[in-house]
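A, B, ... follow the sequence lines: proteins, then strands. Residue 1 opens every chain. Computed from a predicted structure; not experimentally measured.
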Amino acid sequence: MPELPEVETVRRGLAPVMEGRRILSLEVRRPDLRFPFPEGFAARLAGCRIAALDRRAKYLLMRLEGREGQGPQAVILHLGMSGSFRIETGAAAQEAARSPGAFHHPRAKAAAHDHVVFHMEGGMRVTYNDPRRFGFMVMADAADPFSHPLLAGLGIEPLGNELAPERLAQVFAGRSVSLKAALLDQKRIAGLGNIYVCEALWRAGLAPDAPASVLADAAGRPTAGAARLAEAIRSVLTEAVAAGGSTLRDHIQADGSLGYFQHTFAVYDREGAPCPRCGAPVERMVQNGRSTFFCAACQRPAPARGKKRRP
DNA sequence: CGGCATACCTGCAAGC
DNA sequence: TGCTTGCAGGTATGCC
């Protein structure tokens, strides 16, 4: 599930259970996810208090306060394609959970692909589940976690003040790569994935296969399209976060609730359905090996896509 | 460096 | 029904 809105939804779901609380112990049930777990991972986290749970792009950043004789640490987490967290009340919290309105997750049994379990102070269990194991957890320098190689090269944070037409023009000026591929490149703008790139380009009325250079004029100033795109990215992400993200393929949020932004998709996974703006059928094409959904009527300029033209 | 394909891994739906 | 195929929200890597 995880593009920026889904990761932010996860962060908000986990924060009340994890921030300010101590990790009593950590169960790590396999040696690796996408990458091997760091040396002594479980032992290094056990006993630490989680000072903060932050997000950068699609990454979660867990800041830990050290135990006696051990300095502060930070953990970088990524959900990959299929990672999710689930919060459960442990035995110690069962009693409290019976009170009306108390937090309680409907699922309580261990499931397949539960790879990591955080046993939290207060009795909550936070379980990381990831069937495809494209996610990962690595440790970073607590003093400067953003200098970690995974985070150092990330581009514009789209929910921050940085997202402006001028910055888009600056980052994409002169690029021949398609808008679709450019927006998926986390080194330029970070946090968008296949869904929200498709949706943002539709909102902005920009063709996915137009070169990224259309966002800047010859002098490097932002075009009207850049202005529309900046607003489109901001609006689609903000609305998606407010909706609790998008829930696809049975993924659920950490608190057991479902995101509902998927009901708002204009084009993503809607091939053949009418474009909400003009009614033309939504089309699908493959770019860089991934599906792009778009409205050929609304999204211009659209260079020829290799279709044969009659003379 | 830019641009593209491939690899990683499992589950699911569609097609035969 | 059962098998095969293709596709899925991600990033890293290696090749031209």
Let me have the donor-acceptor pairs involving side chains of residues 137-148 of chain A, under 3.5 Å, with sequence neighbours excluded, atom names and distances please.
unit_1	atom_1	unit_2	atom_2	d
D141(A)	OD1	A143(A)	N	3.0
D144(A)	OD2	S147(A)	OG	3.4
S147(A)	OG	D144(A)	O	2.7
H148(A)	ND1	L150(A)	N	3.0

Exercise for the section: May I ask you to say whether R133(A) pairs ionically with D130(A), meaning some side-chain N is under 4.0 Å from a carboxylate O? Expected result: no

Problem - Under the side chain to side chain donor-acceptor pair (under 3.5 Å) test, residues paired with R22(A) that sit two or more places apart - result: none

Practice task
Using the P atoms only, state how far dC3(C) lies from dC9(B), rounded to an integer number of Å.
Solution key: 24 Å

Practice task
If a protein heavy atom is under 4.0 Å from the base, mark B; if only from the sugar-phosphate, S; if neither, -; do that for nucleotides 10-16 of chain C going 5' to 3'.
Solution key: BBS----

Exercise for the section: Using the criterion of both pairing distances under 3.5 Å for Watson-Crick and G-U wobble pairs, give all stems of 3 or more consecutive pairs involving DNA chain C. Expected result: B:2-8 with C:10-16, B:10-16 with C:2-8

Problem - Separation of the C1' atoms in dG3(B) and dG9(C), to the nearest angstrom - result: 23 Å

Practice task
Sequence neighbours left out, what passes side chain to side chain contact (heavy atoms under 4.5 Å, CB included) with V117(A)? Give chain and number order.
Solution key: E27(A), R29(A), H119(A), R125(A), T127(A)

Problem - Test item: side-chain donor near acceptor, K180(A) and N194(A), under 3.5 Å - result: yes

Practice task
Tell me, please, which residues at least two apart from F118(A) pass ring-ring contact (aromatic ring centres under 6.0 Å, His included).
Solution key: none

Problem - Spacing of D130(A) atom CG relative to dC9(B) atom C1', expressed in whole Å - result: 9 Å

Practice task
Provide the full list of salt bridge (charged side-chain N to carboxylate O under 4.0 Å, His left out) pairs with a residue in residues 49-58 of chain A, sequence neighbours left out, each pair given once.
Solution key: E8(A)-R55(A), R49(A)-E65(A), D54(A)-R63(A), R55(A)-E157(A), R56(A)-E157(A)

Handout entry: Atom-pair distance (CG on L248(A); P on dC12(B)), nearest Å
Key = 14 Å

Handout entry: Any residue meeting ring-ring contact (aromatic ring centres under 6.0 Å, His included) with Y128(A), in chain and number order, not counting sequence neighbours
Key = F85(A)

Just the table, please: protein N/O against nucleotides 1-5 of chain B N/O, every pair under 3.5 Å.
unit_1	atom_1	unit_2	atom_2	d
dG2(B)	OP1	R175(A)	NH1	2.6
dG3(B)	OP1	S176(A)	OG	2.5
dG3(B)	OP1	V177(A)	N	3.4

Practice task
Could you list all the side chain to side chain donor-acceptor pair (under 3.5 Å) pairs where at least one residue sits in residues 31-43 of chain A, not counting sequence neighbours?
Solution key: R30(A)-D32(A)

Practice task
Name all residues meeting the side chain to side chain donor-acceptor pair (under 3.5 Å) criterion together with S25(A); count only those two or more places apart in sequence or in a different chain, and write none if there are none.
Solution key: none

Can you give the donor-acceptor pairs under 3.5 Å from side chains of residues 229-240 of chain A to other protein atoms, not counting sequence neighbours?
unit_1	atom_1	unit_2	atom_2	d
R234(A)	NH2	L163(A)	O	2.7
S235(A)	OG	R203(A)	NH1	3.0
S235(A)	OG	E231(A)	O	3.2
S235(A)	OG	A232(A)	O	3.1
T238(A)	OG1	R234(A)	O	2.6
E239(A)	OE1	R203(A)	NH1	3.3
E239(A)	OE1	R203(A)	NH2	2.8
E239(A)	OE2	R203(A)	NH1	3.1

Exercise for the section: Nearest whole angstrom, please: distance from the P of dA8(C) to the CZ of F265(A). Expected result: 13 Å

Handout entry: Contact under 4.0 Å: H113(A) side-chain N or O vs dG11(B) OP1/OP2
Key = yes

